[in-house]
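Along the sequence shown, residues carry numbers from 1.
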Amino acid sequence: MANQADFIKHINDGYTFKAESIILGSAMLDGEAIADAQVKIPLKTLNRHGLIAGATGTGKTKTIQVFSEQLSAFGIPVLMMDIKGDFSGIAKEGVEKPFITERHAKINIPYTVSSFPVELMSLSEQNGVRLRATVSEFGPVLFSRILDLNDTQAGVVSVIFKYCDDNKMPLLDLKDIKKVINYITEEGKDEITESYGKISTSTTGIILRKIIELEQQGGDIFFGEMSFEIDDLMRFDQNGKGYINIIRLTDIQDKPKLFSTFMLSLLAEIYQQMPEKGDTEQPELVIFIDEAHLIFNEASDALLNQIETIIKLIRSKGIGLYFVTQNPMDVPSSVLAQLGLKIQHALRAFTAKDRQAIKLTADNYPLSDYYKTEEIITSLGIGEALVTALNEKGIPTPLAATMLRAPMSRMDVLTDAEIMEINSKSKLVKKYSEAIDRESAYEILTKKIESAVEQATIASEAEEKETKSSEPSTASVIGKSVVKVVTSASFIRGAFGILMKMFRN
């Protein structure tokens with residue numbers, strides 16, 4: 001058995017910080033929690049991103065709940081993806097139960113119940129704050145990458161955006177860009193060719209099909225106005241607690257394209273709008289991306305490069321990103337290399353492939369004199385995890401098998417009535433509830449086409465009228481015929497009269 005005093009010193013040396021920190025729990029040695037060896041995370045390095053991984057049922061959800069509560073208590077707003085609908089209970093106080101009391105006695109952390117300020121949000125038609133963005137806000141590059149277009153197709157998208165910009169036609173929703181594509185391949189083909197060059201109809205056809213695919217996954221609901229303002233993610237209640245913004249995604253599990261579209265657009269928007277923060281004492285916002293594999297599985301190489309770039313750069317804006325998934329191998333190695341905090345719950349080894357994944361996972365953690373990482377990953381209990389973070393100098397902390405504290409809020413979902421109560425009091429629900437459909441590319445082009453049709457109709461009618469006016473009318477023809485007949489009859493009568501006079505004489 002390892003020397004406990006040495007172990008306590010080892011953990012305390014690695015997890016003692018000058019500034020504020022979050023207490024996750026206490027380190028474990030030989031399967032037992034050591035009360036005097038608390039595991040903490042410095043607020044200063046929370047913008048260095050992280051990973052929370054583990055098999056189903058090992059406690060990832062409760063870890064995220066604990067993490068979010070601690071952040072909120074320090075006045076740090078949170079944004080979390082709720083794929084399974086597990087997090088809404090954060091809005092209500094928890095209930096102290098014997099197993100919680102016993103756990104907190106072991107880790108020497110007092111337990112109190114508490115609720116936290118919550119906003120419930122939605123990408124779909126679920127009740128809550130509606131999240132939307134416009135096509136224009138994405139820009140041609142990001143929009144093309146979301147659609148997984150090649151360079152030629154992306155070039156056409158750039159022309160479409162340029163044409164709309166030159167002609168002051170906002171691209172707000174998907175029907176706008178679909179209308180533009182139809183226009184430039186039909187009525188406006190000559191106009192586009194003259195000003196921007198010839199565009200292949202086969203290329204526009206592919207782009208249109210990709211947009212329809214996105215539309216079928218709920219993109220028609222997401223794209224539009226009014227756009228969500230990122231400042232509304234960084235709010236505090238009257239007690240100074242940061243709001244925990246929960247995006248309820250239970251109804252879009254089968255729509256990964258919409259999920260990844262939203263996440264990338266949000267990260268890009270945050271990066272573009274947030275000022276540089278440099279080294280701050282705590283982050284401006286922490287984002288938990290649950291079921292992170294949905295983003296990476298759907299990402300093309302170009303899109304993945306975009307994600308990696310944003311992850312690298314966004315931390316300087318004071319934003320921390322935390323990826324949550326069952327298997328850490330779901331996250332690309334290029335992304336894993338950028339994550340400062342790792343919380344690894346148990347993994348299960350049922351197959352040779354599972355054992356290989358566990359070995360690869362163990363290789364991502366610092367070596368330890370107190371643990372055989374590959375073995376302990378499979379023996380962790382519920383609510384226990386391997387933890388390593390970055391200290392204030394950016395150096396990894398010692399690996400610590402940790403018994404985690406319990407959430408202070410309710411470890412259960414809210415009822416429909418409780419959800420309605422939260423939404424009824426929300427200022428953001430009122431702000432974003434109404435969909436705005438102002439004049440944009442669809443309406444402008446529709447009017448332009450209708451006007452062109454009307455002008456063509458008027459011109460056609462005028463030409464027809466002119467043609468008819470140059471031809472003799474039926475009445476005129478009849479009149480002239482009558483005159484001819486009358487004239488002929490008079491001539492005959494005159495000739496007959498002359499002949500009669502000649503006979504009389």
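- The cationic group of K317 lies under 6.0 Å from the six-membered ring centre of Y271 and within 45° of the ring axis, placing it in a cation-pi geometry.
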Might you work through the ring-ring contact (aromatic ring centres under 6.0 Å, His included) test for F87 and F288, ending with a clear yes or no?
CA-CA 12 Å; F87 294 115; F288 292 95; 8.2 Å; no
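- In this structure, the separation between OG1 on T373 and CD1 on I376 is 8.0 Å, given to the nearest 0.5 Å.
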Apply side chain to side chain donor-acceptor pair (under 3.5 Å) to E213 and Q217, showing your working.
CA-CA 7 Å; E213 178 190 339; Q217 289 206 15; 4.8 Å; no
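- To the nearest 0.5 Å, the span separating CG on D173 from CG on D220 amounts to 9.0 Å.
- In this structure, the side chain of H293 does not engage the main chain of D330 through any donor-acceptor pair within 3.5 Å.
- One N or O on the side chain of T415 and one on the backbone of E418 form a donor-acceptor pair closer than 3.5 Å.
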Kindly indicate, with the supporting measurements, whether the criterion side chain to side chain donor-acceptor pair (under 3.5 Å) is fulfilled by T402 and E384.
CA-CA 5 Å; T402 307; E384 299 172 358; over 6 Å; no
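- Heavy-atom minimum distance, S424 versus K430: O-NZ, 3.0 Å.
- Note that CG of D151 and OG of S144 are 9.5 Å apart. Values are rounded to the nearest 0.5 Å.
- Here S136 contributes atom OG and D165 contributes atom CG; the two are 8.0 Å apart, rounded to the nearest 0.5 Å.
- Within a 6.0 Å sphere centred on NZ of K9, heavy atoms belonging to other residues, nucleotides or ligands number 12 at most.
- Looking only at side-chain heavy atoms (C-beta outward), M28 and E32 stay at 4.5 Å or farther from each other.
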Residues L233, L285; criterion side chain to side chain contact (heavy atoms under 4.5 Å, CB included); working and verdict:
CA-CA 8 Å; L233 293 174; L285 176 71; 4.2 Å; yes
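- Distance check, rounded to the nearest 0.5 Å: CZ of F116 to CG of L71 gives 10.0 Å.
- Using bins of under 30°, 30° to 60° and over 60° for the plane-to-plane angle, the ring pair Y322/F67 lands in the perpendicular bin.
- The shortest side-chain heavy-atom distance between P117 and S72 falls under the 4.5 Å cut-off.
- Evaluation of the salt bridge (charged side-chain N to carboxylate O under 4.0 Å, His left out) rule for K312 yields no partner, not counting sequence neighbours.
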Could you please spell out the steps behind the side chain to side chain contact (heavy atoms under 4.5 Å, CB included) verdict for L267 and L321?
CA-CA 10 Å; L267 296 179; L321 302 178; 3.6 Å; yes
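- Inter-residue side-chain proximity for R48 and L339 is flagged as unmet; no heavy-atom pair is nearer than 4.5 Å.
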Can you give each donor-acceptor pair under 3.5 Å made by side-chain atoms of residues 98-106, sequence neighbours left out, with the distance rounded to 0.1 Å?
from, atom 1, to, atom 2, distance (Å)
T101, OG1, E96, OE2, 2.8
T101, OG1, K97, O, 3.3
R103, NH1, G383, O, 3.1
R103, NH1, L404, O, 2.8
R103, NH2, I382, O, 3.2
H104, ND1, I109, O, 2.9
H104, NE2, A406, N, 3.0

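- Within the 4.5 Å cutoff, no side-chain heavy atoms of M403 are placed close to those of S26.
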Passes side chain to side chain donor-acceptor pair (under 3.5 Å), S334 versus E308? Steps please.
CA-CA 7 Å; S334 56; E308 290 172 11; 2.5 Å; yes
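- A donor-acceptor contact shorter than 3.5 Å is absent between the side chain of T45 and the backbone of I41.
- For D232 and K427, the salt-bridge test fails: no basic side-chain N is under 4.0 Å from an acidic carboxylate O.
- Residues N12 and A37 come closest through the heavy atom pair OD1-CA, 3.9 Å.
- Judged by the 6.0 Å distance and 45° axis criteria, K175 is positioned over the aromatic ring of Y442.
- Between E225 and R438 there is a salt bridge, since at least one side-chain N of the basic residue sits less than 4.0 Å from a carboxylate O of the acidic one.
- Atom CG of L367 has 12 or fewer heavy atoms from other residues, nucleotides or ligands within 6.0 Å.
- Side-chain contact between T325 and E291: absent, with no pair of heavy atoms (C-beta onward) separated by less than 4.5 Å.
- Using modelled atom types, one finds a donor on one side chain and an acceptor on the other under 3.5 Å when comparing E119 with S426.
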Passes ring-ring contact (aromatic ring centres under 6.0 Å, His included), F228 versus Y432? Steps please.
CA-CA 8 Å; F228 188 79; Y432 294 104; 4.9 Å; yes
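- Taking the side chain as every heavy atom from C-beta outward, L341 and L390 never approach each other to under 4.5 Å.
- When the shell of 6.0 Å around CG of D416 is examined, it contains 12 or fewer heavy atoms from other residues, nucleotides or ligands.
- V180 approaches A441 most closely through the heavy-atom pair CG2-CB, 3.8 Å.
- Taking the charged nitrogens against the carboxylate oxygens, E215 and K178 do have a contact shorter than 4.0 Å, which makes a salt bridge.
- The two residues I52 and K60 have their closest heavy-atom pair at O-CD, 4.1 Å.
- For E276, the CD atom counts as densely surrounded, since its 6.0 Å shell holds more than 12 non-hydrogen atoms of other residues, nucleotides or ligands.
- In this structure, the side chains of R248 and L120 come closer than 4.5 Å at one or more pairs of heavy atoms.
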Is there a side chain to side chain donor-acceptor pair (under 3.5 Å) between N391 and T397 once you walk through the steps?
CA-CA 6 Å; N391 67 19; T397 59; over 6 Å; no
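- Between E69 and K62, no side-chain nitrogen of the basic residue sits less than 4.0 Å from a carboxylate oxygen of the acidic one, so the salt-bridge criterion is not met.
- Between F7 and Y370, the ring-plane angle classifies as perpendicular under the 30° and 60° cut-offs.
- Across S227 and T134, no two heavy atoms sit closer than the pair OG-CG2, 3.4 Å.
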Could you go through the side chain to side chain contact (heavy atoms under 4.5 Å, CB included) check for L386 and I343 one step at a time?
CA-CA 6 Å; L386 287 174; I343 301 177; over 6 Å; no
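- Residue I64 holds its CD1 atom at 10.5 Å from CE of M81, rounded to the nearest 0.5 Å.
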Step-by-step salt bridge (charged side-chain N to carboxylate O under 4.0 Å, His left out) determination, E392 to K44:
CA-CA 7 Å; E392 291 162 313; K44 190 177 180 66; over 6 Å; no
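- Side chain of R315 to backbone of H49: no donor-acceptor contact under 3.5 angstrom is found.
- Applying the 6.0 Å contact sphere to NZ of K431 captures more than 12 heavy atoms from other residues, nucleotides or ligands.
- Looking at heavy atoms from C-beta onward, T112 lies in side-chain contact with M408 at the 4.5 angstrom threshold.
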Could you go through E137 and R132, starting from their C-alpha distance and side-chain angles, then the distance that decides it, and tell me whether this counts as salt bridge (charged side-chain N to carboxylate O under 4.0 Å, His left out)?
CA-CA 11 Å; E137 286 169 341; R132 298 185 186 88; over 6 Å; no
